[in-house]
Amino acid sequence: MIVRDRRLRWPIMANLEAAVRGQRVSRVERRAKYLIIRLQGGALIVHLGMSGSLRLVGGRTAPKPHEHWDLVLDSGQVLRFHDPRRFGSLFWTQEEPGEHPLLKKLAPEPLSAAFSGAYLFRITRKRAVAIKQLIMNSQLVVGVGNIYASEALFRAGISPRRAARRLTRAEALKLTGAIKAVLKAAIKIGGTTLRDYVNADGLPGYFRQKLFVYERAGEHCRVCKTIVRQFTQGQRSTYWCAVCQH
DNA sequence: ATGGGCACCTGGCTGC
DNA sequence: TGCAGCCAGGTGCCCA
């Protein structure tokens, strides 16, 4: 492990290089938006934040700006982390990764059976918070970021401002279905590239072309031709169609 | 327990 | 051209 800049969202622990040295990678997993790289004696927990990326490069490739750390592999390659904004993070844990404070309280995965209409209906019952903010709460469901929150609500025909507790049972079912559908559809074509996102092979995601409302303020709704509107919720931009969503 | 607001950063774009 | 201002794919934490 080579760390060039420890200043990520949380400083990278001082002796992480020594802790990791010589260990074999046993398995790579994901929980919510955290990547878990299991080694023999523990695990690396990686988050890409908003601008982070990982690429496999040749071991002698000179690091460019914002390439903060390398996981040096015995294949001669290195797994290189790039993150201009430094909202990403890197932790080493010797306990079961799921027990780490950042992972311990995470809610069900959106594509799991546990994230059902019945579950969403139940957890929304006593909450006054707007439904868009609720589905972005990682203690209630993980993996729904700002793009897919707006998109799923559009697909479900539900206003992002609706108080969570005002959802009917049928709407809760419809919304869980919309979240699952939009995530599956986006994953299938490589995700959403807004500006510079590329995957590990350097290719962009093509879901941007399929967006109904996100970043389309002032444009015509693709269903009813009404002008798509934008406003702010919890310091994040929300996009919606006032005719298609209630 | 819930909800609102702030914080962490840099880069790119817009408009004067 | 230069520069100020604004915005951005996330999410933990503090406070009321």
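Only heavy atoms go into these numbers, but all of them, side chains included; no hydrogens, no water, no symmetry mates. Every value quoted in this text rests on a predicted model; they were computed, and no experiment measured them. Labels below follow one simple rule: chain letters A, B, ... track the order of the sequence lines, proteins then strands, and each chain is numbered from 1.
A salt bridge links A:Arg38 with A:Glu96: the distance from a Lys NZ or Arg NE/NH1/NH2 to an Asp or Glu carboxylate oxygen falls below 4.0 Å. Between A:Glu215 and A:Arg208, at least one side-chain N (NZ, or NE/NH1/NH2) sits under 4.0 Å from a carboxylate O, which counts as a salt bridge. Ion pairing of A:Glu29 with A:Arg27 is present here, as a side-chain N (NZ or NE/NH1/NH2) and a carboxylate O approach within less than 4.0 Å.
Across all strands shown, A:Arg7 has no heavy atoms under 4.0 Å from either base or sugar-phosphate atoms. Residue-level contact check: A:Leu194 touches the bases, meaning some heavy atom is under 4.0 Å from a base atom. Nucleic acid contact class of A:Asp83 (heavy atoms, under 4.0 Å, all strands): none. A:Tyr34 comes within 4.0 angstrom of the backbone, heavy atoms only, and of no base. At a threshold of 4.0 angstrom between heavy atoms, the contacts of A:Lys33 are confined to the sugar-phosphate backbone, with no base atom among them. Backbone-only contact: A:Leu102 has heavy atoms under 4.0 Å from sugar-phosphate atoms and none from a base.
Residue A:Leu134 is the one, among A:Leu134 and A:Asp196, whose nearest nucleotide of DNA chain B lies closer to the 5' end (criterion: closest heavy atom). DNA chain B is contacted by both A:Gly234 and A:His66; A:Gly234 maps to the nucleotide lying nearer its 5′ end (nearest heavy atom per residue).
When the C1' atom is compared between C:dG9 and B:dG4, the two are found 22 Å apart, to the nearest whole Å. Spacing between B:dC6 and C:dC7 at atom P, rounded to whole Å, works out to 14 Å.
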Residue pair A:Leu48, A:Asp83: steps toward the side chain to side chain contact (heavy atoms under 4.5 Å, CB included) verdict: CA-CA 7 Å; A:Leu48 302 177; A:Asp83 185 10; over 6 Å; no
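Taking atom CD on A:Gln235 and atom C1' on C:dG9, their separation rounds to 17 Å, with Å as the unit. Rounded to an integer number of Å, the gap from CG of A:Leu48 to C1' of C:dA8 is 16 Å. Here B:dA7 presents its C1' atom at 13 Å from CZ of A:Arg236, a figure rounded to the nearest Å. Rounded to whole angstrom, the span from the CG atom of A:Asp5 across to the C1' atom of B:dC9 amounts to 11 Å. Between A:His82 atom NE2 and B:dT10 atom C1' the separation is 11 Å, expressed in whole Å. Atom CD in A:Gln133 sits roughly 6 Å away from atom P in B:dG4 (whole-Å rounding). Computed from coordinates, the A:Phe87 CZ to C:dC13 C1' distance equals 14 Å when rounded to whole Å. Residue A:Leu8 contributes atom CG, which lies 15 Å from atom P of C:dT11 at whole-angstrom precision.
Of all nucleotides listed (B:dG3, C:dG9, C:dG12), C:dG12 comes nearest to the side chain of A:Trp10. Of the candidates B:dC8, C:dG12, B:dG11, the closest approach to any side-chain atom of A:Pro84 belongs to B:dG11.
Of the side-chain N and O atoms in A:His47, none sit less than 4.0 angstrom from OP1 or OP2 of C:dG12. In this structure, A:Ser138 reaches the C:dG12 phosphate: one of its side-chain N or O atoms is under 4.0 Å from OP1 or OP2. Regarding contacts with the backbone of C:dC7, every side-chain N or O of A:Ser237 stays at 4.0 angstrom or more from both OP1 and OP2. Put simply, A:Arg195 has no side-chain N or O that comes within less than 4.0 Å of OP1 or OP2 on B:dG12. Here A:Arg9 does not reach the OP1 or OP2 of B:dC8: none of its side-chain N or O atoms lies under 4.0 Å away. Between A:Arg127 and the phosphate of B:dG3, there is a side-chain N or O to OP1/OP2 separation shorter than 4.0 Å.
Between A:Tyr34 and A:His47, the angle of the ring planes goes over 60°, which puts this pair in the perpendicular group of the 30/60° scheme. The aromatic rings of A:Phe154 and A:Phe212 sit parallel, their planes meeting at an angle under 30°, below the 60° perpendicular limit.
The environment of CZ in A:Arg169 is sparse: at most 12 heavy-atom neighbours from other residues, nucleotides or ligands sit within 6.0 Å.
Side-chain atoms of A:Arg85 come within donor-acceptor range of the base of B:dC9, with a qualifying N/O pair under 3.5 Å.
With a cut-off of 3.5 Å on both Watson-Crick or G-U wobble distances, the partner of C:dA8 is given as B:dT10. Look at C:dC13: its Watson-Crick or wobble partner, with both distances under 3.5 angstrom, is B:dG5.
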